[in-house]
Amino acid sequence: MERFQAPVSREELLERAQRLAGRDVAWVAERTGHFVPENLKRHKGWLGELVESVLGATAGSRAEPDFPDLGIELKTIPVDAGGKPRESTYVCVAPIDGSLAASWDDAWVRRKLSSVLWVPIVSDKETPLAQRCFGRPLLWSPNPTEEAALRADWEVLSEMIHSGSFWMIRAQHGEVLQLRPKAANARDWEWALDEDGEWAQTTPLGFYLRATFTRSVLARHYRLR
DNA sequence: GACTGATCATGG
DNA sequence: CCATGATCAGTC
């Protein structure tokens with residue numbers, strides 16, 4: 001694999017990402033020396049890792065922004081031909097062992113989302129992975145409305161976790177941010193304090209952004225272009 | 001078609 | 001082991 005140095009500024013990062021626009025996956029994979037899998041079924045994170053590689057992200061799987069010096073998180077996002085996100089976006093784990101932040105200001109979710117480089121990839125079932133094209137990237141920070149919505153959801157969801165009401169946690173909670181299982185499979189579990197203050201086994205959870213939210217984020221970008 | 005619970009691979 | 005990278009796939 002060719003090694004790509006980390007960008008030294010947000011401008012450089014954005015320029016690099018902009019140079020991907022219009023290129024397809026095969027083109028990027030060739031530059032980085034990656035083999036393109038047939039599909040993503042057994043390689044769900046492959047595309048994200050490919051883009052990390054070509055843009056010089058360094059954090060790997062550590063709990064840090066992808067570009068630690070810039071404080072920027074990288075997210076590839078599958079979009080349809082109209083530029084609309086097709087999937088929800090995983091943000092980070094939701095600690096249920098009591099280590100979840102007490103306030104939104106200290107929440108890892110907030111830090112993760114404070115500055116995100118969205119890299120859209122136009123994908124539909126008919127197009128082979130290698131031929132899927134990159135769209136125009138967006139370096140985004142939540143506007144006050146978006147931040148307020150995220151915060152409101154986080155406060156509701158974190159209250160469920162803090163109170164130990166795991167039985168009531170469902171993906172339906174949250175307008176823009178939701179909690180969903182984040183595990184190898186349904187048999188996975190971890191310890192958490194339940195409503196009675198007893199340690200109990202429950203499903204590992206992650207915070208996700210609803211596709212409706214990222215749709216509005218990207219739509220605002222295209223409109224203001 | 002959107003939503004939600006389930007799942008797969010990788011690297012430090 | 002655990003967080004990262006996410007998409008899959010059945011159901012509503």
Side-chain angles (χ1 to χ4, degrees), chain A residues 1 3 17 25 28-29 32-68 72-82 84-101 107-109 111-113 116-129 132 134 153 157 160 166-192 201-216:
Chain A
M1 308 291 171
R3 298 176 67 85
V25 168
V28 176
T32 54
H34 283 78
F35 173 80
V36 184
E38 191 69 22
N39 57 58
L40 296 177
K41 280 187 187 181
R42 307 191 74 86
H43 304 274
K44 297 180 181 180
W46 181 84
L47 203 38
E49 287 147 16
L50 176 73
V51 178
E52 283 185 352
S53 166
V54 73
L55 294 183
T58 55
S61 64
R62 289 178 299 240
E64 282 183 30
D66 293 301
F67 301 95
I72 295 173
E73 179 70 16
L74 173 66
K75 288 288 179 195
T76 57
I77 185 163
V79 299
D80 65 17
K84 290 184 178 178
R86 302 169 59 89
E87 287 279 357
S88 57
T89 300
Y90 168 71
V91 181
C92 60
V93 293
I96 57 174
D97 62 354
S99 66
L100 180 66
W108 182 235
V109 182
R111 253 197 77 191
K112 273 273 175 131
L113 297 179
V116 178
L117 179 65
W118 297 102
V119 176
I121 291 133
V122 183
S123 45
D124 59 74
K125 264 180 26 176
E126 285 70 41
T127 310
L129 177 56
R132 295 180 185 172
F134 286 81
D153 284 345
L157 300 174
M160 290 181 198
F166 297 101
W167 56 271
M168 69 177 295
I169 291 178
R170 301 254 159 257
Q172 69 186 83
H173 297 297
E175 299 279 325
V176 301
L177 190 70
Q178 61 181 169
L179 284 170
R180 302 225 304 275
K182 175 61 173 171
N185 56 61
R187 269 69 64 192
D188 255 20
W189 55 267
E190 60 180 301
W191 294 107
Q201 294 176 356
T202 189
T203 309
L205 298 169
F207 285 107
Y208 293 78
L209 296 175
R210 291 184 181 277
T212 47
F213 179 73
T214 50
R215 279 205 272 269
S216 72

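Chain naming here is simple, since letters A, B, ... match the order of the sequence lines and numbering starts at 1 in each.
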Could you tell me the separation between the CG atom of A:Leu129 and the C1' atom of B:dC8, rounded to a whole number of Å?
-> 15 Å
Letter per nucleotide, 5' to 3', of nucleotides 7-12 of chain C [B base touched, S only sugar-phosphate touched, - untouched; heavy atoms, 4.0 Å] = BBS---
Below 4.0 angstrom from OP1 or OP2 of C:dT4, is there any side-chain N or O of A:Trp108?
-> yes
Would you mind telling me which residue lines up with the more 5' stretch of DNA chain B, A:Gln178 or A:Ala186, judged by nearest nucleotide?
-> A:Gln178
Rounding to a whole Å, what distance do you find between A:Phe207:CZ and B:dG5:P?
-> 15 Å
Would you say B:dG1 has OP1 or OP2 under 4.0 Å from some side-chain N or O of A:Arg86?
-> no
Mind checking what makes side chain to side chain donor-acceptor pair (under 3.5 Å) contact with A:Thr212, not counting sequence neighbours?
-> none
How many Å lie between CH2 on A:Trp167 and C1' on B:dG5, as a whole number?
-> 19 Å
Consider the side chain of A:Lys75, meaning its heavy atoms from C-beta on, and name the nucleotide among B:dG5, B:dT7, C:dA6 that approaches it most closely.
-> C:dA6
Value in whole Å for how far the C1' atom of C:dC2 lies from CG of A:Asp188 | 10 Å
Residues passing the side-chain contact (heavy atoms from CB on, under 4.5 Å) test with A:Pro95, sequence neighbours excluded, are A:Asp97, A:Ser99, A:Leu100
Backbone N or O of A:Trp46 within a donor-acceptor pair of the A:His34 side chain at under 3.5 Å?
-> no
Going by modelled atom types, is there a donor-acceptor pair between the base of B:dG1 and the side chain of A:Lys84 at under 3.5 Å?
-> no
Any side-chain N or O of A:Lys112 less than 4.0 Å from the OP1 or OP2 oxygen of C:dG5?
-> yes
When you check the phosphate oxygens OP1 and OP2 of B:dG11, does a side-chain N or O of A:Arg62 lie under 4.0 Å from one of them?
-> no
Would you kindly give the CZ-to-C1' distance between A:Arg215 and B:dC3, to the nearest whole Å?
-> 11 Å
Who passes ring pair (Phe, Tyr, Trp, His ring centres under 6.0 Å) against A:Tyr90, sequence neighbours left out?
-> A:Tyr208
Please collect all side-chain hydrogen bond (donor to acceptor under 3.5 Å, both in side chains) contacts where either partner lies in residues 180-191 of chain A, sequence neighbours excluded, each pair once.
-> A:Ser88-A:Arg180, A:Gln178-A:Arg180
Are any side-chain N or O atoms of A:Asp153 and backbone N or O atoms of A:Val176, one a donor and one an acceptor, separated by less than 3.5 Å?
-> yes
In chain order, what residues pass the side-chain contact (heavy atoms from CB on, under 4.5 Å) check against A:Lys84, with sequence neighbours excluded?
-> A:Asp80, A:Arg215
Does A:Arg42 put a side-chain nitrogen or oxygen below 4.0 Å from OP1 or OP2 of B:dT7?
-> no
